[in-house]
Every structure is written in C-alpha cells, then in structure tokens.
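To keep things clear, I will list the structure first and then write my remarks on it.
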Amino acid sequence: MENKEFKLVIIGAGPAGLIAAIESFIPGMEIIVLEKMFKPALKLRISGKGRCNITNKADIETFISHFGRNGKFLRYPFSKFFNDDLLNYFENMGVKFKLERGGRYFPLKDDSLEIVESLLKRVKSLNIPVSTGSDVKSIMNKDNGLFEILIKKTDPSSRAREIKISSENILIATGGRSYPGTGSNGSGYILASQLGHTISQIRPALVPIITSGIDTEHLNGLTLRNVNVEVWSSNKKINEQFGEMAFTVFGVSGPVILSMSKMIVEVLEQRKKINLIVDLKPALEHKTLEKRLLREINNFGDKTFSYLLKNLLPKSMIPVFFERMEISGEKKLSQVTSDERKNLRMLLKGFRIEIAGYKSFKHAIVTSGGVNLNEIDSRTMGSKIIKGLYFAGEVINIDADTGGFNLQAAFSTGWLAGKNLKSIIGNHK
C-alpha cells in the first residue's frame, strides 16, 4: 500500500463507508477502505443494543422532521435511496427484517452482525481491500490534483509505522465522536478542517442526563412507560414528549429522555437551569384524578397512605413520594387532609426532576454538529470547496432522535456518495 496512488480512498469502514465502497466500485479501479480499528464497523455492531434498528417505516417528510432544522439537507439523498430501498438492499443479500413498535425495523434474527457481515461479504466479493489498523493522521491537497494521505499503520502486535499514499478522490466517513471506543473519536473533523472545511459545534446527542436531588437508591433501574415528560427552563416549556423513560444510578435515560437530550445539552451549555416535569398519569385530567383520590380515600379510610400509593405508583417510587410529601406511609387515609391530597395529585401530575448535566461522548449514541452542510453538495455529497473530496454519515452536521433515522441517513449519504464517485471516476477512465 505504501506510496501507492489510488483512484479512491474511503476513510472509515462503518455503514456509510462500506456501502459507498460497494456502490463506487468499478472493476480494475484502485480503491481502498482505511479503518483505524482492527475490526470494521464496530459501532454498527453494537447499534440498537446489538439488534441494529436499521431504519424506520416513516415517510420522507416525517423522516426529515426527526432531524430538526438540518433535515432538509437529506431530502435529495432520501429521494434516491430510502427505507424501502435499504431493506431491499439487504434482503437481496439474504437478510430478513421485522417491523416493531414505532415503525422501527430490525433484522429478524435480532443480530446486528447480520448487517455487518452482509456488507463485509459484499466488499470482499468485489475484492475491495479494507485496511484495518490504519489511522489517517493528515491529508494534504497537493498542486498536482492528488491528495497525500499520512497513515499511522498499526499491526495486531501494536507495532506502528507511518506510511503515505495518494488518491484522486477521498470520502471521509469516519463517524462522529460518540462511542469513541469504537473508533469514532472525532478524527474526521480534524481531517475536514485540514482541508479547509468548517465544523459546526460538536455536542453529544442521544445522551443520558445527569440529575440532582433524586433518590437514586430507590429509583435506579425503574422504567416508566406511557408518561408525558416536559422540559422547562426560565419558566418556559421548551419541549414535551410522551413515551418511555428510565432512572439510572446517575439520573435519567430511555427513549423520551434521549430524544430530548440534544436540546437539554444546548440549554445547559448556556448555563441555564433546567428541569423535567413528568406527568405520571397523563391519561387522567386533574379533575378526574381528584375524584379518584377522593373516592379511594372515602372508601378505604381505615387503610394507610401506603396502601393508596400502591395502587397509583411503581413500588420503588413510593418511598420517594413519602419523602417529597413529608408524610408517613402509616397515616390513615381518613386522616389525610385536603392539602395533602392536593399535594399528591400535583406530584402525580408534575413529578419534578432537576437536571445537573449530561454524560460524555463515551455514552452518547450520536454526535450533534459536524462538517458544515453549506459546504457540501447534497446531490453528490461532494465538497463545495475542494474537488475530489466527499463526506458521508455522522461526520456531517446531521443527527436525529432514536428510531432508525440516523442509520438510514448514514446509508443514504454513503450510497449517494458512492454512486456519484462511480460516475465521476468511470467518466475519467
């Protein structure tokens, strides 16, 4: 490989890089995929808790909405290669899928390795070399129209050496900074910057939240389903979602929390106070809940307050309610005052959680921020600054909430980049 000239070098052997390699392939073309880790697609292997939520059944407009203000960039890539195309792509390689709650698609075998191995098998069948242990340290755009690439090549015994190669075209598909242990440590942003691209601010997204003032001893491990969660800052509600959340040893997580975490991180970085308000009984209006509490208190006056809460809450939340209400669980319902009843109702409809921070990129599913979209042509995934430079996947400034949206974006942008590279290289052979 050393001192060799390539038609195309793809940096990153994740979903975007691998599908781009397959779609760009031309027999006889000098192509190579560089991967810094010793195994390709490490992050894809652990996606969806090892099950790989590959895409979602939502239509294009709904899909785009999940990416927020930058979603419009994906309109063209999705118009060329979307969810049905992706499912058919892998079904033609022998992978079968199932549809689950929320429109999420998973491999029928619940194993992300099916996706990884299908891609690698196809890459191998085309004789496309994947050079693992190849960490790209720098890229220079030379006057002769070639990119000079400096690589730190490490073998499995940890011996390392520096080598140089050159290429007419480069695709950067290194991923973001989330789960750096899988290789996505933000190196793609450095490479893009070396080549004159600007990087939108990088933040962890789909990341668990750290809280304060919560009795984690009791709540750790508790999952709440069908709750409504509001985010409040400066006396304003800034977000609201319905679904599932979970308590952890350090705070809160789960689908609803992860989906709102990007906004939470942005607010915290402005040094503003922020709280969650959880409606534990969203199906009951205040009046309806008041009537239910009154009925149970009147009907079971000889029972204890603890008895009442057992019918209203998960077991692990009961001690937390005792503490917040400053009431004994042994108090008879016949002795509960109207103020105590009101406090219970307000707590059930508005369980407040103070947010103190967020976990690091090590715990984030995706990265918010990346290569500035204004500098990338969404119809080709090519750089608007440097000829022959392309981007795909999480390294660019696109990210969505959970549900298969992010993987679809990686595959769609990688597929589109590969198709355009094949066209360009084929026309210049």
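By convention here, the first residue in the shown sequence is residue 1.
- We find that Arg345 and Glu290 are joined by a salt bridge, their nearest charged nitrogen and carboxylate oxygen being less than 4.0 Å apart.
- The minimum heavy-atom distance linking Gly133 with Phe38 is given by the pair CA-CE2, 3.9 Å.
- For the pair Gly369 and Ile202, the tightest heavy-atom approach, listed with the atom from each and the gap, is C-CD1, 3.6 Å.
- When all heavy atoms of Thr182 and Met37 are compared, the closest pair comes out as O-CG, 3.4 Å.
- Around NZ of Lys39, the count of heavy atoms belonging to other residues, nucleotides or ligands within 6.0 Å does not exceed 12.
- With hydrogens and angles ignored, the 3.5 Å screen pairs no side-chain donor or acceptor of Ser423 with any backbone N or O of Asn420.
- Comment: Glu162 does not engage Lys164 in a salt bridge, judged by the lack of any side-chain N to carboxylate O separation of less than 4.0 angstrom.
- In this structure, Gln194 contributes its side chain and Ile139 its backbone to a donor-acceptor pair below 3.5 Å.
- Summarising the local packing, NZ of Lys384 is surrounded by more than 12 heavy atoms from other residues, nucleotides or ligands at distances under 6.0 Å.
- Here the side chains of Ile209 and Ser261 are in contact, with some heavy-atom distance below 4.5 Å.
- Side-chain N or O atoms of Ser193 include one that pairs as donor or acceptor with a backbone N or O of Tyr189 at under 3.5 Å.
- Distance alone, capped at 3.5 Å, is enough to place a donor-acceptor pair between the Arg45 side chain and the Pro40 backbone.
- Around CD of Gln270, the count of heavy atoms belonging to other residues, nucleotides or ligands within 6.0 Å exceeds 12.
- With Asn372 contributing its side chain and Asn397 its backbone, the two residues share no donor-acceptor pair below 3.5 Å.
- Put simply, the side chain of Tyr358 does not reach to within 4.5 Å of the side chain of Ser360, judged on heavy atoms.
- With contacts defined as side-chain heavy-atom distances shorter than 4.5 Å, the pair Val123/Lys121 does not qualify.
- Remark: the Glu269 side chain and the Gln201 side chain contain an N/O donor-acceptor pair separated by less than 3.5 Å.
- Sparse packing is recorded around CD of Glu285, with 12 or fewer heavy atoms of other residues, nucleotides or ligands lying under 6.0 Å away.
- In this structure, a donor-acceptor pair under 3.5 Å is absent between the side chains of Lys362 and Ser178.
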Give the C-alpha distance, both sets of side-chain angles, the deciding distance and a yes or no for side-chain hydrogen bond (donor to acceptor under 3.5 Å, both in side chains) between Glu375 and Thr198. CA-CA 8 Å; Glu375 300 168 358; Thr198 55; 2.5 Å; yes
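- Heavy atoms of other residues, nucleotides or ligands lying less than 6.0 angstrom from CZ of Arg122 number 12 at most.
- A donor-acceptor distance shorter than 3.5 angstrom exists from the side chain of Asn53 to the backbone of Gly404, with no hydrogens or angles considered.
- Inter-residue side-chain proximity for Val229 and Asp279 is flagged as unmet; no heavy-atom pair is nearer than 4.5 Å.
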So Asp110 and Lys98, salt bridge (charged side-chain N to carboxylate O under 4.0 Å, His left out) or not? Walk me through it. CA-CA 9 Å; Asp110 283 328; Lys98 59 181 176 179; 2.8 Å; yes
Show your working on salt bridge (charged side-chain N to carboxylate O under 4.0 Å, His left out) between Asp135 and Lys137 and close with a plain yes or no. CA-CA 6 Å; Asp135 187 5; Lys137 308 306 290 185; 3.3 Å; yes
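- Under the ring-ring contact (aromatic ring centres under 6.0 Å, His included) criterion, Phe81 pairs with Tyr89, Trp415, sequence neighbours left out.
- Proximity of a side-chain donor or acceptor of Lys419 to a complementary backbone N or O of Glu23 within less than 3.5 Å is not detected.
- Side-chain atoms of Lys36 and Asn185 include a donor-acceptor pair closer than 3.5 Å.
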Does the salt bridge (charged side-chain N to carboxylate O under 4.0 Å, His left out) test come out yes or no for Arg51 and Asp111, once each step is laid out? CA-CA 5 Å; Arg51 297 176 61 218; Asp111 191 352; over 6 Å; no
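- Using a 4.5 Å heavy-atom cutoff, the side chains of Leu74 and Phe82 are not in contact.
- Using a 4.0 Å cut-off between a side-chain N of Lys or Arg and a carboxylate O of Asp or Glu, Lys153 and Asp155 do not qualify as a salt bridge.
- Side-chain atoms of Ser253 do not come within 3.5 Å of backbone N or O of Pro208 as any donor-acceptor pair.
- Closest approach of Leu18 to Ala13, counting heavy atoms only: CD1-O, 3.6 Å.
- The closest side-chain heavy-atom distance from Asp401 to Asn406 is not below 4.5 Å.
- Classified by interplanar angle (parallel below 30°, tilted 30° to 60°, perpendicular above 60°), the ring pair Phe63/Phe67 is parallel.
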Verdict with supporting geometry, Ser138 and Glu148, side-chain hydrogen bond (donor to acceptor under 3.5 Å, both in side chains): CA-CA 8 Å; Ser138 68; Glu148 184 179 272; over 6 Å; no
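- Heavy atoms only, all atoms of each residue included: Thr248 and Asn220 are closest at C-OD1, 3.1 Å.
- For the pair Lys4 and Glu30, the salt-bridge criterion is met [side-chain N within less than 4.0 Å of a carboxylate O].
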Any chance you could lay out the side-chain contact (heavy atoms from CB on, under 4.5 Å) test for Asn70 and Leu373, step after step, and finish with the verdict? CA-CA 8 Å; Asn70 290 339; Leu373 299 181; 3.7 Å; yes
Evaluation steps, side-chain contact (heavy atoms from CB on, under 4.5 Å), between Leu222 and Met317: CA-CA 9 Å; Leu222 171 65; Met317 287 200 85; 3.3 Å; yes
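- With Glu394 contributing its side chain and Thr367 its backbone, the two residues share a donor-acceptor pair below 3.5 Å.
- Ring-plane geometry between Phe90 and Phe97 is classed as perpendicular, the angle between the planes exceeding 60 degrees on a 0 to 90 degree scale with a lower cut at 30.
- Here the shortest heavy-atom pairing between Phe78 and Gln408 reads CE2-CG, 3.9 Å.
- Every residue two or more places apart in sequence or in another chain was checked for a ring-ring contact (aromatic ring centres under 6.0 Å, His included) with Phe106, and none qualifies.
- For the pair Leu119 and Phe411, the minimum side-chain heavy-atom distance is below 4.5 Å.
- In this structure, Phe391 has its ring center closer than 6.0 angstrom to the ring center of His197.
- Between the Ser112 side chain and the Gly50 main chain, a donor and an acceptor come within less than 3.5 Å of each other.
- Other residues, nucleotides and ligands place more than 12 heavy atoms under 6.0 Å from the CE atom of Met93.
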Leu258 vs Val256, side-chain contact (heavy atoms from CB on, under 4.5 Å): CA-CA, chis, key distance, verdict: CA-CA 6 Å; Leu258 293 176; Val256 168; over 6 Å; no
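- Using a cutoff of 4.0 Å between basic side-chain nitrogens and carboxylate oxygens, Lys72 and Glu61 are not scored as salt-bridged.
- Contact check for Leu312 versus Phe321: no side-chain heavy atoms found under the 4.5 Å cut-off.
- Other residues, nucleotides and ligands place more than 12 heavy atoms under 6.0 Å from the NZ atom of Lys349.
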side-chain contact (heavy atoms from CB on, under 4.5 Å) between Val227 and Met245, intermediate numbers included: CA-CA 8 Å; Val227 294; Met245 65 174 288; 4.0 Å; yes
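- The ring pair (Phe, Tyr, Trp, His ring centres under 6.0 Å) analysis of residues 216-263, with sequence neighbours excluded, yields no pairs.
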